[in-house]
2 protein chains.
Amino acid sequence: MPFDLSTLETPAAIVDLDRVEANLHRMAGYSREHGLDWRPHTKTHKTPMLGRMQMEAGAVGLTVATVREGETMADVCDDILLAYPPLGSKKLERVSALAERVRLTVALDSERALEGVARTGRSAGSQIGILIEVDVGMRRVGVESPQEAVRLAAAARDAEGVEYRGILFYPGHIRGRVESQSEEIAVVSERLGQLLQALGDVDLHPEVVSGGSTPTVWRSHEFAGITEVRPGTNIFNDRTTVVVGACDWSECAYSVLATVVSTAVGGQAVVDAGSKALAREELRGEGGGYGALLDRPEVVVRGVSEEHGILDLSETTWRPEVGDRVRIVPNHVCVSVNLQEYLWTVRGDQPESVLEVAARGRVTVA
Amino acid sequence: MPFDLSTLETPAAIVDLDRVEANLHRMAGYSREHGLDWRPHTKTHKTPMLGRMQMEAGAVGLTVATVREGETMADVCDDILLAYPPLGSKKLERVSALAERVRLTVALDSERALEGVARTGRSAGSQIGILIEVDVGMRRVGVESPQEAVRLAAAARDAEGVEYRGILFYPGHIRGRVESQSEEIAVVSERLGQLLQALGDVDLHPEVVSGGSTPTVWRSHEFAGITEVRPGTNIFNDRTTVVVGACDWSECAYSVLATVVSTAVGGQAVVDAGSKALAREELRGEGGGYGALLDRPEVVVRGVSEEHGILDLSETTWRPEVGDRVRIVPNHVCVSVNLQEYLWTVRGDQPESVLEVAARGRVTVA
């Protein structure tokens, strides 16, 4: 037994591998059923062993947001999508090295980014795949019109050093409950339909249409033309995923173990997990706050400062004492994981192993 | 020249040491002028060299929130205040080792925490100092009444392994502009006055009355009985500190260098610094958002997702292109620093050195 859960120092991130496996199995089954490629986003866990588990569960490859994530996941996967435009000479040098290790695809939405990746592909002597990122309503990144998508796709097809592979979208603006997403999914599908038509008209039909998000994950097959899904969060799930109805509370595989450090102020208990362990991502509505207890979801983390989380005891008769330990499911698991050096894995109550969150950070300074 | 600012990979945290030195100098001068001990909180920078600079500028010792911070700062300082109750056998083992290296003081607000620290002091063969944490209106931690403070102070005086040194407060509920804080400071002072009277009545007059916060930092001397201040943020300052009027924009010493990665969606530019580089701490009012550009403070980071920050261009005629680089002052510097592996120091435009943010994290796994 590599560690003792009852004496593990807090705050510490706990991952239940039984639940992880169930979540991966469910996702793999859904993808198979609908004929979709599953390319999970590893920004959520940043941990090579969990990437390997995703590959073994049936993923076709992995998605990353940073070059560091790509370099780390290249140890466990030979087909990687960098869903982020790499810019700047030093980052492109690393992209070049990565392209020599794996089949690499990059998503981008500008000529400037395309030029850099093409130059990199030529210098690496490889063909880096290109997905054109398109905006489908979130208004964050992605070209806005079919005309711009056609123009950039044609540029990718014609450039040396890269290979046009298709399009990528992220419906991150669809944040409501699963059962109320139909209208928004229909609007996105209509946009995708027009885009696919425009691309097809000029012989740029995409081999890959990469999409999806965790809130819409079980309805991904409803997006017109989609071939691939990239859910990140649903390896662990979190309080927000429960609130939108995309998982049950019992499918939350990640929690932060914390110790009650103060009950001096009445009506609350304070734990040693604050914004530097849970992150500060407020849930608007549905109980509010910054997380809830795994074993008592009615107890919400009402406030956070850097090293303090304030448990609201108004909905419970439970009265914890200083020294008691609790496990907190954060609102947004990806940013909580990014605050951890290690994940302590368990199966139920049984400790299993310690995993380094190896893909955190940006660069390595010798 | 150890790095080239123009090609440094982004996102990267930049610290201007000229501004740091000016901020430290101003703080040291204020403390001297008012006869206050200055014990800066190192949670803000978590970097030994910056702790050493604070000591050389006149700090009497350093404040830490975690044992890791204490272990790291012990390399540069022999008088440390752990402003957080340590609970649990493993954490107390580390506290014991720390107490053998430095003159250690611990702040706490419960008998349970006191018992653990006293046991630790006995086993280490040292006298660990105790400050009783009192609530002065924030309602986070700290005993609420003078009676409870007296009871706990008496317990600390009577326990073996510890030494009662005084009280600690944090007026974190005073968040308005510097010039409008008088009434709230008066209320806190009245509470402190009653407390000091109650402690004095039973011969428990505190040698140390440790207080202050960055928003109230220049008015710290107005708190009744205060002997010591623990500002953290004001080594770097941040957008919030500017908004409350506790510093000028030109005193912001920390920014996140970022690259424009997309201008595809109209009316905005997207940079590669999001909630995993700036943190997600929204400024309510005063321009809103999650940060602003160092050189163009009218350009606000209107939205963040994990690896994206959205620059609002509505208040500027500036139109950046993909590949352009900007420097962003975050709303809350402490949580942004905690997301960095390194701080890249400069003096003006001149690069100087790379500092590891060594006190991040919790435990070390062999």
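Just so it is clear, the values below take in all heavy atoms, side chains as well, and ignore hydrogens, waters and symmetry mates. In what follows, every chain begins at residue 1, and chains take the letters A, B, ... in the order their sequences are listed.
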SB check [X] [Y] (cutoff 4.0 Å):
X	Y	answer
B:Glu9	A:Arg94	yes
B:Glu307	A:Arg140	no
A:Glu306	B:Lys46	no

(message) With side chain to side chain contact (heavy atoms under 4.5 Å, CB included) as the criterion, how do A:Asn338 and B:Leu339 come out once you've worked through the C-alpha distance, each side chain's angles and the decisive distance to 0.1 Å?
(response) CA-CA 8 Å; A:Asn338 186 52; B:Leu339 294 165; 3.7 Å; yes
To the nearest 0.5 angstrom, please state how far the [atom1] atom of [X] sits from the [atom2] atom of [Y].
X	Y	atom1	atom2	answer
A:Met138	B:Ser305	CE	OG	5.0 Å
B:Thr66	A:Lys276	OG1	NZ	8.0 Å
A:His308	B:Tyr84	NE2	OH	4.5 Å

(message) Assess the residue pair B:His332 and A:Ser275 against the criterion (side chain to side chain contact (heavy atoms under 4.5 Å, CB included)); give the C-alpha distance rounded to whole Å, side-chain angles, the decisive distance to 0.1 Å, and a yes or no.
(response) CA-CA 11 Å; B:His332 185 184; A:Ser275 62; 5.7 Å; no
Segment of [X] engaging chain B (4.5 angstrom heavy-atom cut-off):
X	answer
A:Val261	both
A:Pro86	neither
A:Ala277	both
A:Glu111	neither

(message) If the condition is side chain to side chain contact (heavy atoms under 4.5 Å, CB included), which residues does B:Ala113 pass it with, not counting sequence neighbours?
(response) B:Pro85, B:Leu87, B:Leu108, B:Ser110
(message) For B:Ser89, give me all partners under side chain to side chain contact (heavy atoms under 4.5 Å, CB included), at least two apart in sequence or on another chain.
(response) A:Thr7
(request) Write out, in numerical order, the residues from residues 266-273 of chain B with a heavy atom short of 4.5 Å from a heavy atom in chain A. (result) B:Gly266, B:Gln268, B:Val270, B:Val271, B:Asp272
(message) Only heavy atoms, only distances under 4.5 angstrom. Which residues in residues 142-152 of chain B are near chain A?
(response) B:Gly142, B:Val143, B:Glu144
(message) Please give me the minimum heavy-atom distance between A:Arg139 and B:Val265, naming the atom from each residue.
(response) NH2-CG1, 3.4 Å
(request) Heavy atoms only: give me the nearest A:Arg112-B:Gly323 pair and the separation to one decimal. (result) NH1-CA, 3.9 Å
(request) Just give me the residue among B:Glu133, B:Arg68, B:Gln340 that pairs up with chain A most often, heavy atom to heavy atom, under 4.5 Å. (result) B:Arg68
(message) Heavy-atom pairs under 4.5 Å with chain A - which of B:Lys90, B:Arg362, B:Arg325 has more of them than the others?
(response) B:Arg362
(message) Taking CZ in B:Arg302 as the centre, count heavy atoms belonging to other residues, nucleotides or ligands within less than 6.0 Å. Is the count above 12?
(response) yes
(message) Only pairs of heavy atoms separated by less than 4.5 Å count here; which of A:Ala65, A:Gly88, A:Cys334 has the most with chain B?
(response) A:Cys334
(request) Output the option from A:Leu8, A:Val363, A:Thr10 having the highest count of non-hydrogen pairs under 4.5 Å with chain B. (result) A:Val363
(request) Taking the side chain as every heavy atom from C-beta outward, state whether B:Arg280 and A:Glu281 have any pair of such atoms under 4.5 Å apart. (result) yes
(message) With a 4.5 angstrom heavy-atom cut-off, is it the side chain or the backbone of B:Val67 that approaches chain A, or both, or neither?
(response) neither
